[in-house]
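As structure tokens, the structure follows; a few thoughts come after it.
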Amino acid sequence: MAYPHLPFSGQCRNLRFTSTPIHGYRLNNHVIRTIGVMNEDFCELQCYHEPNCVSYNFKRNGENKCDLNNATYEHDNEHSGDLEKNEKYVYRGAEVSMKVKSWT
């Protein structure tokens with residue numbers, strides 16, 4: 001599912017990487033940006049910091065590239081055809097929820 005710009009005034013985004021990483025696959029057509037990272041943990045951290053990120057592709061094999069995605073893969077959803085086999089990558093999706101900040 002693609003998400004519009006999430007951070008609204010008075011709301012806080014909660015991002016949880018609950019799915020198991022899918023080794024040997026990459027989500028195509030939903031990359032916000034690609035960055036060089038030290039490791040997969042840093043890729044996950046960058047997704048937390050990108051307001052529209054809800055999943056990532058991590059390219060292994062010494063390149064350590066991180067694609068931040070604005071959609072997730074789920075079986076039978078509208079983006080299921082975008083998950084492509086690629087042995088150099090690990091794909092991981094997250095669940096997003098919004099919480100209203102209390103100012104009291």
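Just so we're clear, the structure is a prediction, and the values are computed from it rather than from any experiment.
Side chains of D82 and N29: a donor-acceptor N/O pair is present below 3.5 angstrom, by distance only. Between the side chains of Y56 and E40, at least one donor N or O sits under 3.5 Å from an acceptor N or O. Residues R26 and N28 have side chains that bring a donor and an acceptor to within less than 3.5 angstrom of each other.
Rounding to the nearest 0.5 Å gives a distance of 5.0 Å between CG of N70 and CD1 of I32. The distance from the CD atom of E50 to the CG atom of L15 is 11.0 Å, given to the nearest 0.5 Å. Atom CD in Q46 sits 13.0 Å away from atom CG in D67 (nearest 0.5 Å).
Looking only at side-chain heavy atoms (C-beta outward), V37 and F58 come within less than 4.5 Å of each other. Side-chain contact between R92 and I22: absent, with no pair of heavy atoms (C-beta onward) separated by less than 4.5 Å. Within the 4.5 Å cutoff, the side chain of F42 has no heavy atoms near those of the N64 side chain. In this structure, L27 and S55 have side chains that are in contact, with non-hydrogen atoms separated by less than 4.5 Å. Between E84 and Y25 the shortest side-chain heavy-atom distance does not fall below 4.5 Å. N14 has its side chain within reach of R16: a pair of non-hydrogen atoms, C-beta onward, lies under 4.5 Å apart.
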Kindly indicate, with the supporting measurements, whether the criterion side-chain contact (heavy atoms from CB on, under 4.5 Å) is fulfilled by T34 and C66. CA-CA 5 Å; T34 301; C66 178; over 6 Å; no
Between N69 and C53, is a side-chain contact (heavy atoms from CB on, under 4.5 Å) present by the stated rule, with each step listed? CA-CA 5 Å; N69 302 316; C53 185; 5.7 Å; no
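By the rule that hydrophobic residues join a cluster once side-chain heavy atoms approach within less than 4.5 Å of another member, V31 and Y91 end up as members of separate clusters. Tracing side-chain contacts under 4.5 Å through hydrophobic residues (I, L, V, M, F, W, Y), one reaches V54 starting from L45; they form part of the same cluster. In this structure, M38 is a member of the same hydrophobic cluster as Y48, with clusters built from ILVMFWY side-chain heavy atoms closer than 4.5 Å.
Nearest heavy-atom pair across C43 and N57 is SG-O, 4.1 Å.
Panel note: side chain N86, backbone G24; no donor-acceptor pair is recorded below 3.5 Å.
Only one option out of K88, H23, K65 pairs with R60 in a side-chain contact (heavy atoms from CB on, under 4.5 Å); it is H23.
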